[in-house]
Amino acid sequence: MMPGKLAKTAGFLIYAAILLILVPRLIDSYERWDLYYTLTSVALLSIASAGVWLTFFIGRINIGQAAYALIGGYVSAVMVVDHGISFWWTLPAAGLFCAVVSVFVGLPILRLRGVYFAMVTLVFTEVAKMVALALPITHGASGIVNIPLPGALEIFGFTLIPDFNTLDNSRRGFYFLSVVLMLICFLGMYRLVHSRMGRLCFSLQQNEELASSIGVNISYLRIVAYAISSFLGGIGGAIFAAISQSVYPSSFAVADSINFMLNCFLGGLGYVFGPMLGTFVLYFGWDWLFQTGKYQLLIFSSILIALMLVLPNGLLSIRLPGWKKNG
Amino acid sequence: MEQAIVNGLYLGSQYALIALGLTLIFALMNVLNFAHGQLYVLGGFITYVVYGQLGLPFVLALVATAVTLALVGAAIEKFLFRPVIRRSVREESTMLLAAAIAFFLDAVILLLFGEKQRGVPKIMDGLLNWDFRIVMPYDRILIGVLSIFIIVGFILYMQYSKPGRAMRALAQDRVAAQLMGVRVDRYSMIGFALGAMLAGVVGGLLVTITGVNSGIGGPISIKAFMMVMIGGAGVISGAIAGGFILGMMESVGLFYLSSYGDITYLIIFASLMVFLAIRPQGLMGKPWG
Amino acid sequence: MSNKFPLLRKAATVVALSLGLTGLASAQNPVLKIGFVGVTSGPAAAWGISNQRSMETRAAWINETGGFEIDGKKYDIEIVSFDDQKDPKRAIAGMEKMAQEGINYVVGPNVDDGAAAVRPVAEKNGIMYFPYAFPKSLYTAPASNAVLGMVANYQSGPAIYKYLMEEKGVKKVAFIAANESDPLSQRDGGVAAAKALGLEVVADKDTYQNDTRDFVPVLTPVLRARPDLLVLSGVAPGNAPLLIRAARELGYTGLISTETAQDAQVLQEGAGELANGFISVGGASTPEIRTAAMEEFIDRYTKMFGEYNDESNTKVYALEYILETIKANPASMADVEEFKKTMDTFEAKNIYMKGDATLKYVGSTSFGQKRQVSVPMVVNEYMDGEFRTLFIAEVD
Amino acid sequence: MADVLTIDKLTRRFGGLYAVNNVSFNVAENEILSVIGPNGAGKSTLFKLIASFLRPTSGEVCFKGERISGLAPHIVARKGVVRTFQETTIFRNMSVRENVIIAHHLQSRATLFGYFMGSRNARQDEQSFGESADDILQLLNLDHVANELASNLPHGNLRALGIAIGLATNATVLLLDEPFAGMNHEETMRTVQMVQGVRDRGVTVLLVEHDMAAVMKISDRIVVLNFGEKIAEGTAAEIQHDERVIEAYLGIEDESIGL
């Protein structure tokens with residue numbers, strides 16, 4: 001094994017250990033219980049943002065992720081509430097359903113580029129909301145409420161995940177769930193980007209015509225990337241529905257789509273871990289400015305503007321000088 | 001039916017005017033200005049203060065609005081977009097900047113003018129009533145006509161004035177324009193100022209009809225994006241067409257489909273998606289804007 | 001009205017206040033924190049801002065006069081606010097934050113989805129919250145921590161329709177609502193109520209996008225059905241004058257009503273005399289029934305924030321209920337179960353309304369348990385810049 | 001020699017304009033065939049039609065007897081007809097070596113998922129592509145800039161990189177778009193050698209070009225287009241004396257005829 005790879009693996013393991021062992025310890029000892037939820041939010045939002053990042057990676061500005069988060073939330077909620085299926089089965093189902101939807105949506109619209117794709121996906125967010133308001137299966141305007149907490153996940157009588165109702169702190173349960181999923185997600189993204197598939201995606205971002213002329217099936221690759229992206233959106237949405245135990249047509253809105261995109265920008269479009277950092281900074285930046293009262297938005301946006309002026313290529317680009325970027 | 005068409009025309013004239021500024025900025029700088037709606041709101045509030053609160057003549061209020069917004073637009077271009085465009089690796093980065101500016105303006109407007117819906121006294125009383133087939137208050141007619149005048153004026157300006165021609169050259173091909181001796185920086189700034197001014201003037205005009213409210217910037221931007229997409233991004237005739245088409249679709253759609261519930265906008269949005277999938281460059285746009 | 005430069009006035013007030021507060025700090029009262037989770041930025045900012053400001057005005061007033069007395073001890077009231085940006089995910093974070101701060105009583109959220117989303121957190125952490133959202137599931141058992149902070153439309157609607165049917169001969173009703181959860185739910189409730197009264201509902205499907213600026217196209221088909229009464233279900237205060245103006249300019253001469261609170265100034269600016277006769281619901285909103293305390297509240301609010309908002313006529317109550325209930329049973333300050341016990345029998349004087357009106361919890365009919373504050377259901381008519389009382393009703 | 005590519009009555013209309021009108025010719029295996037013509041003669045459109053980036057209005061292109069018009073470009077590439085572009089068309093933000101490696105895409109045996117999981121096929125692919133890329137880079141004198149970011153390359157190397165990408169696809173027919181444009185004499189001669197080297201590896205080369213001198217030097221045969229129509233076809237010597245060709249080029253500055 002190459003030393004670089006070893007260092008990266010070690011780094012990842014340390015990071016995982018911090019998130020899964022150290023952070024909960026600190027939270028428990030300082031009794032900052034509210035951080036469980038905020039960190040869970042960050043983890044889930046960064047999963048959805050990772051999806052958006054992947055579409056950026058194939059050269060598409062995606063402002064439609066909230067639509068998939070919403071669909072994912074509804075798929076899980078409908079299955080749990082109306083059909084009594086265990087949350088743990090609805091979670092992958094929500095992701096897969098979104099992936100399937102994204103194939104049908106993506107086939108026509110992925111031919112669009114630039115602002116056109118961006119706008120169509122933005123419109124798609126609105127469409128998802130309106131469909132949720134109009135359909136009977138989503139219970140229309142009144143949303144789905146009173147969703148039970150996830151039950152136990154048992155395989156062959158062996159309890160993999162305990163019933164969340166029995167946990168003395170279900171927030172901690174959701175925290176572990178979300179952080180583990182986030183780690184898996186970003187590990188997967190890292191693999192993907194650094195595998196040949198990542199290179200192919202990158203080639204799409206660079207020049208679709210040339211990619212096509214060297215024999216890359218660009219429409220297929222685009223669909224695959226978009227489906228993965230939507231899958232991640234659906235997963236994020238489904239867990240949010242479980243945490244809030246409710247889902248409404250407005251649970252994920254255009255503002256969320258825009259935030260997902262901003263997370264990617266802020267972290268840096270050239271970096272796999274950009275969306276994670278971007279989400280963290282945006283979310284906590286906002287939270288932290290909570291104390292400034294009515295000037296919160298003013299200060300927040302001023303900082304964003306200043307950041308753009310200083311680091312137009314994202315936070316992670318701080319390392320750019322003398323450091324060869326490779327995805 | 002007549003009423004629906006007249007409504008659509010009136011709505012379209014406003015929409016077209018909103019879309020014009022956005023498309024101009026896009027054409028010149030390839031920037032999708034998320035803050036367009038906020039500029040509209042700012043314009044509305046300036047007119048509100050000058051005309052509604054200080055009681056000065058409406059025309060004066062519009063002029064004050066135009067000047068202020070032009071200055072704001074020029075400053076945004078010069079101090080924000082220009083440095084970021086120069087230094088960013090991917091041109092999409094400007095979208096984050098535009099969104100941040102939108103947030104910033106939202107915050108400033110909320111702090112300065114408060115959270116309430118505002119309105120001003122009617123500029124004209126009375127209404128046209130043709131046998132209840134067409135009912136239209138005079139002030140709406142006046143604003144509609146004014147909008148069309150401004151649109152025509154804008155087209156003439158772009159067509160025949162020196163800056164207008166320079167901006168068109170810039171929109172055609174930035175590099176070529178530069179080689180031809182067009183001062184790119186200067187005309188980008190003028191273009192941005194002009195775009196912001198248009199947004200502000202519409203806000204000022206409409207404050208007499210629909211008032212103004214600090215929260216509507218974002219939704220206005222999104223609507224403007226849609227019109228620009230329909231017509232083709234960066235094309236002036238496209239923006240005008242897009243504005244009128246969206247206005248007409250809303251008006252006629254609501255007229256015929258209202259009894260089916262919430263589907264008019266669903267249909268508008270869905271057909272926009274289908275339309276763009278078939279014709280990615282919009283009605284009149286260049287492909288792959 | 002001196003509301004030309006709210007920011008300047010605000011700045012002055014802030015200075016004045018901070019000077020005042022430093023003077024007060026020496027009093028060394030213990031602090032009672034009350035939370036607010038709601039939307040104070042973005043398109044729906046108006047809803048939350050009037051809420052938050054009502055609370056802050058009342059708190060500043062109490063503190064200035066020496067604090068709120070509970071069990072012989074004076075407490076300073078501190079309002080801890082959280083802007084959820086109308087995002088249910090943020091609302092959860094806000095509620096978590098309140099739990100973290102050890103706050104047991106929270107006003108808000110302002111919308112259905114937020115109110116539903118914070119429920120698990122509130123119940124887990126023992127927080128009573130006072131949402132401004134109408135879904136019955138929030139207030140019916142097994143839910144027990146939410147208290148509806150205002151009169152629900154399914155309560156006020158029937159009373160208004162009945163009044164208009166009997167007094168004004170209304171026969172045909174048309175409904176119009178924004179295409180969003182809250183207004184749509186309210187519309188459905190209103191339609192059901194109207195039908196139950198035997199009214200003919202001539203339009204019950206028409207909606208508009210909340211960002212609509214020009215309502216003429218939206219209203220054109222609705223008004224062709226020639227209703228006697230046009231109900232603007234769950235209309236946002238910002239949209240009300242636009243809808244009224246558009247309807248009148250289309251030649252509509254019938255009645256217009258809504259079941260939510262509105263602001264007279266906004267109606268005045270947005271629709272002028274066209275808004276005359278518009279019927280809405282408020283708290284102790286009209287001069288005839290206001291007490292001196294209400295006048296003082298309005299005065300203080302105006303001084304603090306530059307301009308009063310009539311929506312606060314109802315929004316002033318949530319904080320009042322929380323404090324008075326704690327006063328009635330001091331044990332509930334730390335334990336919301338005590339609060340719940342007190343709710344069933346609680347009664348106190350309504351200082352904002354003339355006559356012998358009382359503060360008490362209601363809602364047994366609608367929710368099967370007392371999970372609603374009893375706000376005087378004052379049905380108003382707008383006339384030339386202010387509201388006039390049409391009639392006053394009670395919710396049980 | 002057998003014909004690998006048959007262009008049969010190919011026509012493409014844009015609105016009322018014929019960009020390519022009823023053009024027919026064959027390309028024989030392992031030859032270098034150039035398409036020349038004044039500006040606007042329809043050369044680029046012809047290329048796009050052959051590589052199936054555009055659909056013909058009528059007529060067809062056949063590769064080894066099989067119709068390829070109307071297929072998706074990546075399928076045409078998979079069959080062995082690969083188009084390279086003018087200099088700006090490379091993967092700018094990848095290194096030179098990466099550009100060439102990625103161009104081996106058609107030879108990959110592993111699936112996308114296999115690449116993701118790092119299957120055995122994937123690892124073998126990576127290795128063999130790397131070796132082959134190094135080979136190609138050496139052949140085209142790019143080995144010394146292999147790890148440079150492609151966008152940093154000087155002009156001449158960019159053209160070579162374009163050809164390297166084409167080579168890496170292991171194409172049967174390589175369509176080169178103006179490989180000599182904007183080059184000085186020395187650079188052109190080097191590139192001519194490169195193209196010949198490509199042909200020596202068994203690749204059929206079809207090129208569109210302005211530079212007459214180079215075209216005359218390397219082409220086995222030449223097809224001349226004017227206003228979308230084929231006006232001549234033959235060896236360099238035949239073309240140079242064709243009256244219609246000379247007529248077509250009259251009015252064009254002398255230097256572009258060169259010679």
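By convention in this document, chain letters (A, B, ...) are assigned in the order of the sequence lines, proteins followed by strands, and residues within each chain are numbered from 1. Atoms considered below: every heavy atom in the structure, side chains included; atoms not considered: hydrogens, waters and symmetry mates.
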Nearest heavy-atom pair of A:Tyr248 and C:Pro135: which atoms, and what distance? OH-CG, 3.9 Å

Residue part contacting chain A, namely of C:Lys124, when any heavy atom lies under 4.5 Å: side chain

With respect to chain C, which residue among A:Gly140, A:Ser246, A:Ser41 yields the maximal number of heavy-atom pairs within a distance under 4.5 Å? A:Ser246

For C:Ser81, is it the side chain, the backbone, both or neither that has a heavy atom under 4.5 Å from a heavy atom of chain A? backbone

Part of C:Ala116 lying under 4.5 Å from any heavy atom of chain A: both

Closest heavy-atom pair, C:Ser137 versus A:Asn146, reported as atoms and distance to 0.1 Å, is CB-ND2, 4.4 Å

Does C:Gln100 use its side chain to pair, donor to acceptor, with the backbone of A:Glu31 at less than 3.5 Å? yes

Segment of A:Tyr283 engaging chain C (4.5 angstrom heavy-atom cut-off): both

dist A:Leu133:CG -> C:Asn179:CG (nearest 0.5 Å) comes out at 5.0 Å

If you count heavy-atom pairs within less than 4.5 Å of chain A, which of C:Gln209, C:Lys89, C:Met95, C:Lys97 leads? C:Lys89

Between CG of C:Asp83 and CG of A:Leu289, what distance do you get to the nearest 0.5 Å? 12.0 Å

If you count heavy-atom pairs under 4.5 Å with chain A, which of C:Gln85, C:Arg90, C:Glu180 comes out on top? C:Arg90

Please flag which part of A:Ser244 lies under 4.5 Å from any non-hydrogen atom of chain C: side chain, backbone, both or neither. both

Go through the atoms of C:Val80 and report whether side chain, backbone, both or neither lie under 4.5 Å from a heavy atom of chain A. side chain

State, with a plain yes or no, whether a side-chain heavy atom of C:Glu96 is found less than 4.5 Å away from one of A:Thr38. no

In terms of heavy-atom proximity below 4.5 Å to chain C, should A:Gln296 be classed as side chain, backbone, both, or neither? side chain

Considering all heavy atoms of both residues, which atom of A:Ala141 and which atom of C:Ser181 are nearest to each other, and what is their separation? O-OG, 2.8 Å

Which atoms of A:Arg171 approach chain C - backbone, side chain, both or neither, heavy atom under 4.5 Å: side chain

I need the minimum non-hydrogen distance between C:Asp87 and A:Ser251, along with the two atoms involved. OD1-O, 4.3 Å

Check ring-ring contact (aromatic ring centres under 6.0 Å, His included) between A:Phe252 and all other residues, then give those that pass, not counting sequence neighbours. A:Phe240

